[in-house]
2 protein chains.
Amino acid sequence: MATGRTHRPATRSRGIPEATVARLPLYLRALTALSERSVPTVSSEELAAAAGVNSAKLRKDFSYLGSYGTRGVGYDVEYLVYQISRELGLTQDWPVVIVGIGNLGAALANYGGFASRGFRVAALIDADPAMAGKPVAGIPVQHTDELEKIIKDNGVSIGVIATPAGAAQQVCDRLVAAGVTSILNFAPTVLTVPDGVDVRKVDLSIELQILAFHEQRKAGEETAAGDGALPAATRDTSTDQGPDGDVPAVMPA
Amino acid sequence: MATGRTHRPATRSRGIPEATVARLPLYLRALTALSERSVPTVSSEELAAAAGVNSAKLRKDFSYLGSYGTRGVGYDVEYLVYQISRELGLTQDWPVVIVGIGNLGAALANYGGFASRGFRVAALIDADPAMAGKPVAGIPVQHTDELEKIIKDNGVSIGVIATPAGAAQQVCDRLVAAGVTSILNFAPTVLTVPDGVDVRKVDLSIELQILAFHEQRKAGEETAAGDGALPAATRDTSTDQGPDGDVPAVMPA
DNA sequence: CCATCTTTGTGCACGCGTTCACAAAGACAT
DNA sequence: ATGTCTTTGTGAACGCGTGCACAAAGATGG
């Protein structure tokens, strides 16, 4: 996972595989684009290309939803859009709160993709009293003290954490205690939550490090012939020149 | 990734499994925290807990790097920090460009996690001439026209795309043509790149939709007492009481 | 009504990742 | 030195996800 993964091992549900669920939004996006161009039907081959996946995989994914295609023709675009939306729960309205209105939180609040599908920013919450009342993306920021009340009054079940790492767990605990059962975490920390609560994390730094790994591998391949030779005999440990004094823990904000 | 995936199937390299690579940054973060507290050694059990994974998984992950532990004792924190950093390529400096300095781009530019490990923001690039010269996070924004020159002059191999979806592919093409071989994409689009270029995507909207799916499933479970009973016989599909208005236009067959 | 052609839906095999469980390795005390 | 105790490193089994390849379904044309 670009994305990280914090799932319970496996749900007993006779439902859709997790890997498939993760791709449905991709299909939905491609289908929506087709719908806007008034394309009536699409083949698995075409749609797969648009979504950047394998056509066999796409067909198998759709087979978990039911037999919604017509052999010799393809899939009805409008119908599929509806079916996938329904499966993902996007036919209902999901009020969402964003906690931590720093640079990132503001960017999220302004993000158009939120409102476009089922998601509605119910409130923006920040711990800084100076922020209170200040409008961001047209929504006034509220103080953390109001958190529990906001969650309950609006029936919020999805929370987005964009606070510094140090505050994340505490915010998380309060969100969960107030009734939130799904959390999208942007803070670079491992969140601990009770069973029944889903956490997904988005971690900039991790994604970059993964890219760096591959980048290094590419560079190593073309230049050096053999570097895999020297293991780690010399324990030159702490003497490394790494970015020593780097205090992590601080997020945008 | 959060996680998107656009990898080539498998690298022939005798190297580390992709799943393991994705966890190394997690271990590194936990280890860095321990290092700052001057903890000398740590057991697989403790470290696994801190990183939010299974201890067996962690040991297997480390076994791909070599035998860096001491039985009966655990792992030397400083030593592991160095080994993982080296494996991830973080002992060298990675110049990075961010393209698209809107809300999100600015948030990324201000993100502390960038500089803290090996990554250095070499330039901020935006298509809006009005932005040119304006400093963001202490770095003056440069115009898109300069893109190729910036990439080459700084030897940039990692690019971050934070533009609107419509511009992403075009920017991507230019980055790749100029020599970038790793891309972190925040735009909600599928990017097409030549072989040898790595793309990771971070997609807000997708993460939320996945959460919504699970959220819906939870809600469905608690209301309908016995759902485990009825398999899929009565696929209450289109006939359900969903948001009435948007009934699919066409029912296939 | 029959033949042909397109495209879906899926059985099957394969490979990767996860987890269990345990032998081997080393620390430490006696 | 010997025994005990802790913790690693890994062999093996299992389950999930992926991709191939093809039969079945339906459209289309004669």
Side-chain angles (χ1 to χ4, degrees), chain A residues 1 3-24 26-27 39-49 51-77 79-80 83 231-232, chain B residues 1 3-24 26-27 39-49 51-77 79-80 83 232 235 250-253:
Chain A
M1 107 192 130
T3 328
R5 296 287 138 73
T6 310
H7 296 308
R8 34 197 188 304
T11 319
R12 58 105 192 87
S13 86
R14 64 165 8 280
I16 304 163
E18 190 60 28
T20 295
V21 172
R23 281 188 294 267
L24 289 182
L26 229 51
Y27 302 144
V39 177
T41 63
V42 65
S43 71
S44 63
E45 203 73 45
E46 293 167 320
L47 184 54
V53 302
N54 181 298
S55 72
K57 196 185 293 184
L58 177 143
R59 287 198 301 276
K60 181 145 290 191
D61 283 342
F62 285 177
S63 79
Y64 293 118
L65 307 184
S67 291
Y68 293 154
T70 305
R71 298 176 191 225
V73 176
Y75 299 92
D76 182 285
V77 171
Y79 187 60
L80 249 192
Q83 288 300 340
Chain B
M1 278 131 34
T3 321
R5 295 289 137 74
T6 309
H7 296 308
R8 35 193 188 307
T11 318
R12 59 109 190 86
S13 85
R14 67 161 6 281
I16 304 161
E18 189 60 29
T20 295
V21 172
R23 281 187 294 267
L24 289 182
L26 229 52
Y27 302 144
V39 177
T41 62
V42 65
S43 72
S44 63
E45 204 72 46
E46 293 167 320
L47 185 54
V53 302
N54 180 298
S55 72
K57 195 186 293 186
L58 178 142
R59 286 199 301 276
K60 179 141 289 195
D61 283 343
F62 285 176
S63 78
Y64 294 118
L65 307 184
S67 289
Y68 293 154
T70 305
R71 296 175 193 229
V73 176
Y75 299 92
D76 181 285
V77 172
Y79 187 59
L80 250 192
Q83 288 301 340
R235 268 206 140 270
V250 186
M251 268 290 282

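Only heavy atoms go into these numbers, but all of them, side chains included; no hydrogens, no water, no symmetry mates. Protein chains get the first letters and strands the later ones, always in sequence-line order, with residue 1 at the start of each.
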Asks: Round to the nearest Å and state the distance from A/Asp61 atom CG to D/dG17 atom P.
Replies: 10 Å
Asks: Starting at OH of A/Tyr68 and ending at P of C/dT10, how long is that distance when rounded to a whole Å?
Replies: 13 Å
Asks: Would you please name every residue forming a side-chain contact (heavy atoms from CB on, under 4.5 Å) with A/Ser43, sequence neighbours left out?
Replies: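 Result, side-chain contact (heavy atoms from CB on, under 4.5 Å) vs A/Ser43: A/Glu45, A/Glu46.
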Asks: Between A/Glu18 (CD) and D/dT18 (P), how many Å, whole number?
Replies: 12 Å
Asks: Excluding sequence neighbours, so at least two apart, what forms side-chain contact (heavy atoms from CB on, under 4.5 Å) with B/Ser44?
Replies: B/Ser55, B/Leu58, B/Arg59, B/Tyr75
Asks: So, using side chain to side chain donor-acceptor pair (under 3.5 Å) as the criterion, who are the partners of A/Thr41 when residues are at least two apart?
Replies: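 Expected list: none.
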Asks: Specify the separation, in whole Å, of atom CZ of A/Phe62 and atom C1' of C/dT8.
Replies: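 In whole Å, C/dT8 C1' lies 12 Å from A/Phe62 CZ.
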Asks: Send over the distance from B/Leu80 CG to D/dT8 C1', rounded to a whole Å.
Replies: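 So the two atoms are 12 Å apart, to the nearest Å.
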Asks: Taking the nucleotide of DNA chain D with the closest heavy atom to each, which residue, B/Tyr64 or A/Ala19, is nearer the 5' end?
Replies: B/Tyr64
Asks: Are A/Tyr68 and A/Phe62 an aromatic pair, judged by ring center distance below 6.0 Å?
Replies: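 Ring centroids of A/Phe62 and A/Tyr68 are no less than 6.0 Å from each other.
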Asks: Going through the checks in order, is the side chain to side chain contact (heavy atoms under 4.5 Å, CB included) test met by B/Leu47 and B/Val77?
Replies: CA-CA 10 Å; B/Leu47 185 54; B/Val77 172; over 6 Å; no
Asks: To the nearest Å, how far apart are A/Asp76 CG and D/dG26 C1'?
Replies: 16 Å
Asks: What one-letter contact string describes nucleotides 22-30 of chain C from 5' to 3', where B marks a base within less than 4.0 Å of any protein heavy atom, S marks contact via sugar-phosphate atoms alone, and - marks no contact?
Replies: --BB-S---
Asks: Write down the distance between NZ (A/Lys57) and C1' (C/dT10), rounded to a whole number of angstrom.
Replies: 17 Å
Asks: Report the residues that fulfil side-chain contact (heavy atoms from CB on, under 4.5 Å) with B/Pro17, sequence neighbours left out, ordered by chain and then residue number.
Replies: B/Thr20, B/Tyr64
Asks: Can you sort out which residues in residues 39-48 of chain A have a heavy atom within less than 4.0 Å of DNA chain D? Ascending by number, please.
Replies: none
Asks: For side chain to side chain contact (heavy atoms under 4.5 Å, CB included), just list the numbers for B/Thr70 and B/Asp76, CA-CA rounded to whole Å, side-chain angles, deciding distance to a tenth of an Å, and then say yes or no.
Replies: CA-CA 8 Å; B/Thr70 305; B/Asp76 181 285; over 6 Å; no
Asks: I want to check one thing: is the phosphate of C/dG9, taken as OP1 and OP2, less than 4.0 Å away from some side-chain N or O of A/Tyr75?
Replies: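 Yes, such a contact exists.
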Asks: Is any N or O donor-acceptor pair between the side chain of A/Lys60 and the base of D/dT18 shorter than 3.5 Å?
Replies: no
Asks: In whole Å, I'd like the distance from the CG atom of A/Leu65 to the P atom of C/dT10.
Replies: 12 Å
Asks: Is it the case that the side chains of A/Asp61 and A/Tyr27 hold a donor-acceptor pair, with the cut-off being a distance below 3.5 Å and no angle test?
Replies: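 Distance-only check passes for A/Tyr27 and A/Asp61.
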Asks: Toward the 5' end of DNA chain D, which comes first, B/Ser63 or A/Pro17, by nearest nucleotide?
Replies: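 Nearer the 5' end of the strand: B/Ser63.
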